[in-house]
Protein chains: 2
Amino acid sequence: MSNLYFNLTSSFLKALAHPTRLKIIERLEQEDELCVCHIYEDLDLEQSNVSQHLKVLRNQGILVSRKDGLKVMYSVRHKEVFKIIDLVKAALYNQLKEDQKHFRP
Amino acid sequence: MSNLYFNLTSSFLKALAHPTRLKIIERLEQEDELCVCHIYEDLDLEQSNVSQHLKVLRNQGILVSRKDGLKVMYSVRHKEVFKIIDLVKAALYNQLKEDQKHFRP
DNA sequence: TAACTATATTAGAATATTCTAATATAATTA
DNA sequence: TAATTATATTAGAATATTCTAATATAGTTA
């Protein structure tokens, strides 16, 4: 595999690798499409901070946005993203399950 | 989902999100188990740099190591990791394919 | 046990990420 | 058109990541 591939892949993963950005993506799995105002109210975060995180995700092609009057509506571009996060969750679950074994009383 | 879950997930993703660490994991998919010396020679990197990256991956539970004389052998702990990276690759591929459409001459 | 080999750790500089606070932009409505 | 609303951008401080170079540790062999 080429250097380009490793760089693109790590950039993609880096964009996902932040608690706030994962929360945004989770909300967008539940709601399909949300305006910025709903996202930062739901997550109880600063508007500018959420805007910055949304920019990271959109720049990486993970989210798309469209204007709707004053609002900007965001949504996940490709559903694969949800699958990736689910797999990470599964991997973490298996790791913790195995770690637990070594602590049996 | 809890804050703990988002933090664990983002830590896991962050550990994967580096070109060198992705290269290490790719080599370990081809070879199953490798000593540090083979890894840094293959990737043409500093020994201490590779040791640091291996530490990140092991701390996150992505790699495991065992001693074999002077050498330390590393391997991927759970194959799910390969699947995660493959899915990222697929997502990137689909994104690029779609981007391409908008540049048709 | 001294020298050697493989790996790990540390310090510190360079760079990148993240947040807050302030400000800018763009669309809407009075 | 002025005020309002929703979002984006910027500056800059705080923190985190990454690399190199030097050194430490641990196991092996002469």
Quick one: which of [options] gets closest to the side chain of [X]?
{"X": "S51(A)", "options": "dT18(C), dT7(D), dG27(D)", "value": "dT7(D)"}
{"X": "S48(A)", "options": "dT9(D), dG27(D), dT7(D)", "value": "dT9(D)"}
{"X": "L70(B)", "options": "dA6(C), dA8(C), dA8(D)", "value": "dA6(C)"}

[X] [atom1] to [N] [atom2]: how many Å, rounded?
{"X": "D68(B)", "N": "dA6(C)", "atom1": "CG", "atom2": "P", "result": "12 Å"}
{"X": "K71(A)", "N": "dT28(C)", "atom1": "NZ", "atom2": "C1'", "result": "12 Å"}
{"X": "N59(B)", "N": "dA8(C)", "atom1": "CG", "atom2": "P", "result": "11 Å"}
{"X": "I24(B)", "N": "dT18(D)", "atom1": "CD1", "atom2": "P", "result": "12 Å"}
{"X": "R66(B)", "N": "dA8(C)", "atom1": "CZ", "atom2": "P", "result": "14 Å"}
{"X": "L45(B)", "N": "dA6(C)", "atom1": "CG", "atom2": "P", "result": "18 Å"}

message = Over all strands shown, is Q47(A) touching base, sugar-phosphate only, or nothing at heavy-atom distances under 4.0 angstrom?
response =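 Base contact.
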request  = Measure the spacing between NZ of K71(B) and CD of E33(B) and express it to the nearest 0.5 Å.
outcome  =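 Rounded to the nearest 0.5 Å, the NZ-CD separation comes to 11.0 Å.
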Under 4.0 Å: is that the gap between some side-chain N or O of [X] and OP1 or OP2 of [N]?
{"X": "Y74(B)", "N": "dA8(C)", "answer": "yes"}
{"X": "H53(B)", "N": "dC19(D)", "answer": "yes"}
{"X": "N49(A)", "N": "dT20(C)", "answer": "yes"}
{"X": "H18(B)", "N": "dA16(D)", "answer": "no"}
{"X": "K55(A)", "N": "dA8(D)", "answer": "no"}

query = Hey, which of these two, K14(A) or Y40(A), hits DNA chain D nearer its 5' end, going by closest nucleotide?
reply =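 So the residue in question is Y40(A).
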query = Is V56(A) linked to L63(A) within one hydrophobic cluster, defined over Ile, Leu, Val, Met, Phe, Trp and Tyr using a side-chain heavy-atom separation of less than 4.5 Å?
reply =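 As far as the 4.5 Å side-chain criterion goes, L63(A) and V56(A) are not connected within one cluster.
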Donor/acceptor link under 3.5 angstrom from Q52(B) side chain onto base of dT10(C) =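 Under the 3.5 Å cut-off, the side chain and the base do form a donor-acceptor pair.
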